[in-house]
Amino acid sequence: MKLWGGRFTKETNQLVHNFNASIGFDQKFYKQDIQGSIAHVTMLAAQNIIDNSEKETIIKGLQSILEDIDNGSLIIDGEHEDIHSFVEAHLIERIGDVGKKLHTGRSRNDQVALDMKLYTRDEVKEINALLKDLLKELYQIMKENTETFMPGFTHLQKAQPITLAHHMGAYFEMFKRDRSRMDDIFQRMNYCPLGSGALAGTTYPLDRNLTASLLEFAGPTLNSMDSVSDRDYLIEFLSACSTIMMHLSRFCEEICIWNTNEYQFVDIDDSYSTGSSIMPQKKNPDIAELIRGKTGRVYGALISILTTMKGLPLAYNKDMQEDKELTFDAIDTVKGCIVLFTGMLASMKFNNEIMESSAKNGFTNATDAADYLVNHGVPFRDAHGIVGRLVLFCIEKNISLDDMKLEEFKAISPVFEEDIYEAISMKNCVEKRNTIGAPGTIAMTQVLKECEAYLNE
Ligand code: ARG
């Protein structure tokens, strides 16, 4: 059934129908479409625009359509232009002429604005929940590894020793911000466009507050033209999804590096790895690589909608139909990646000894040797130079600072005493770093408490 055949004298060209139709993808929100229609007729009856028995008949009809789609007995076919016409056509087929009253005081413009918002709103909540599962996993690893030493890097060069808890804690903060972005978006988007009509409201006495509250919105949107043409929330949402992917991608990049034969900091579980068709020895981190790779398509969705929206005059334009496919794809991608990543992380083995010995063999305690000198009255710039010479000495002898004899230390600076060994021991180097947010045990214990409280919120 067409919703707009009246003023036309010719059939639509089949290619035009196919090109114009959105039912192939907007069927994804059939539930939300029916939910919105039920709220709309409930309000129409409350306002005496239709009578109660008409309302009951329409709602029963809509519910039977919902059940039949759910149980597979009603298949959404390509004959209709979109999910809105599909539902309306089946309603009229099932309950007769009274079904024709459903669309009173409504346009597909406010209808689709509502459906997409309801759909996205649910996904915002779901992504938020999946991120929480990932944070719980991270918290677990943090709790168990406050004394698992590893090198911290800058420029991908060993810099200073840290702990695995501290490294995981960095990602904890990132994904926590991602959740708070989801919360913000939820708050800002949570206003109901239904009742805005095509663009200029309607002459029926619609109660927009009632439909907004029936659909659990904070209230109705306040400008009918903006309501039917606002896709800001999708842009914000895709931007936040892109940031989640960027975080996952960075983490995956680290895991790929840590998983190499050269590093061996981690072993990805067999159940999360794949092999090579030619090289029998290979165990590849495909999942980490794929998550890293899929980041590009989520960025693509963001750029696509930004570009689609940039030249659009008010109010609704058909271009906006393009908001759906890539958003749906981005949602599936982000959710899939978070779930896969969480599973990979939970089953991954960290090779604590290898990480610790890597931290020992890269002069990650050089800053601490300089700090030792500073604590004994040497100005920092001079201390920096002295430790530089120690490092050169060690590189020539292929040893670490901890392996130097006291006389060797003293030959470069007489300030060094026996207690230098303790000062530059891995444990001390980490333990002494207790500024807020640092890897030392006191600082880390405080952060872990906050993480726990956050997860219990
Ligand atoms: N399929 C359309 C979309 O997704 C629904 C709105 C159609 N409105 C219109 N005036 N043609 O945007």
Side-chain angles (χ1 to χ4, degrees), residues 1-8 10-37 39-40 62 65 69 76-91 100 102-123 189 192-202 211 215 221 223-235 237-238 301 304-332:
M1 180 191 89
K2 271 213 178 63
L3 300 177
W4 42 263
R7 61 103 62 220
F8 287 77
K10 279 190 186 172
E11 279 300 305
T12 317
N13 175 302
Q14 188 58 42
L15 286 177
V16 171
H17 170 84
N18 297 347
F19 188 69
N20 190 49
S22 53
I23 193 146
F25 44 90
D26 64 17
Q27 56 179 275
K28 215 167 174 114
F29 48 56
Y30 70 90
K31 276 198 175 84
Q32 288 78 4
D33 191 74
I34 292 172
Q35 185 191 2
S37 290
H40 183 64
L62 287 169
I65 293 171
I69 300 176
I76 303 174
D77 54 46
E79 184 197 325
H80 298 273
E81 180 182 332
D82 51 32
I83 189 64
H84 324 297
S85 15
F86 176 89
V87 172
E88 195 173 322
H90 280 272
L91 182 70
K100 294 180 180 167
L102 167 65
H103 211 51
T104 315
R106 191 173 68 168
S107 155
R108 276 184 301 162
N109 296 353
D110 59 342
Q111 189 176 0
V112 77
L114 172 71
D115 293 1
M116 191 64 184
K117 229 180 203 186
L118 287 173
Y119 186 88
T120 311
R121 194 175 67 169
D122 288 346
E123 297 295 341
M189 74 181 282
C192 184
L194 188 62
S196 298
L199 79 161
T202 89
T211 37
L215 295 165
T221 52
N223 181 291
S224 57
M225 291 180 82
D226 176 53
S227 308
V228 293
S229 70
D230 167 34
R231 300 294 182 272
D232 290 5
Y233 72 96
L234 289 177
I235 293 170
F237 173 64
L238 289 172
S304 166
I305 189 156
L306 279 168
T307 313
T308 297
M309 294 305 293
K310 79 174 268 294
L312 298 189
L314 287 175
Y316 176 83
N317 299 270
K318 186 77 171 189
D319 315 44
M320 289 173 184
Q321 181 166 291
E322 284 296 308
D323 65 355
K324 296 177 193 62
E325 281 163 289
L326 292 179
T327 301
F328 294 153
D329 181 76
I331 290 170
D332 290 345

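Computed from a prediction, not measured in an experiment: that's the story for all the values here. Counting starts at 1 for both ligands and their atoms, following the listed order.
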- Which option out of Asn109, Asp115, Asn317, Asp323 puts a heavy atom nearest to atom 10 (N) of ligand 1?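 Heavy atom nearest to atom 10 (N) of ligand 1 belongs to Asn109.
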
- Message: Students should be able to answer this: which protein heavy-atom is nearest to atom 12 (O) of ligand 1, and at what distance?
- Response: Tyr316 OH, 2.5 Å

- Let me know which of Thr221, Val112, Leu215, Leu194 forms a side chain to side chain contact (heavy atoms under 4.5 Å, CB included) with Lys117.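 Checked Thr221, Val112, Leu215, Leu194 against Lys117; only one passes side chain to side chain contact (heavy atoms under 4.5 Å, CB included): Thr221.
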
Atoms in ligand 1 flagged as close to [X], the criterion being non-hydrogen separation under 4.0 Å:
X      : value
Lys324 : 3 (C), 4 (O), 12 (O)
Gln321 : 1 (N), 2 (C), 3 (C), 4 (O), 12 (O)
Ser22  : 1 (N)

- Query: Taking side chain as C-beta onward, heavy atoms only, is Asp110 less than 4.5 Å from Tyr316?
  - Reply: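 In short, these two side chains do not touch, never coming nearer than 4.5 Å.
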
- Closer than 4.0 angstrom: is that true for some heavy atom of Gln111 and an atom of ligand 1?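 Gln111 does not count as a contact of ligand 1 under the 4.0 Å cut-off.
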
- Message: Could you measure the distance from the OG atom of Ser196 to the CG atom of Asn109? Nearest 0.5 Å is fine.
- Response: 10.0 Å

- Check the angle between the aromatic planes of Phe29 and Phe328 and answer parallel, tilted or perpendicular using the 30° and 60° thresholds.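 Because their plane-to-plane angle is over 60°, the rings of Phe29 and Phe328 count as perpendicular.
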
- Message: If we count only N and O atoms by modelled type, under 3.5 Å, do the side chains of Arg106 and Ser37 hold a donor and an acceptor together?
- Response: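 Note: Arg106 and Ser37 side chains meet the donor-acceptor criterion.
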
- Query: Considering only heavy atoms, does Glu81 approach ligand 1 within less than 4.0 Å through its side chain, its backbone, both, or neither?
  - Reply: neither

- Go through the steps for Glu123 and Lys28 under the test salt bridge (Lys or Arg N to Asp or Glu O under 4.0 Å), then give the verdict. CA-CA 12 Å; Glu123 297 295 341; Lys28 215 167 174 114; over 6 Å; no

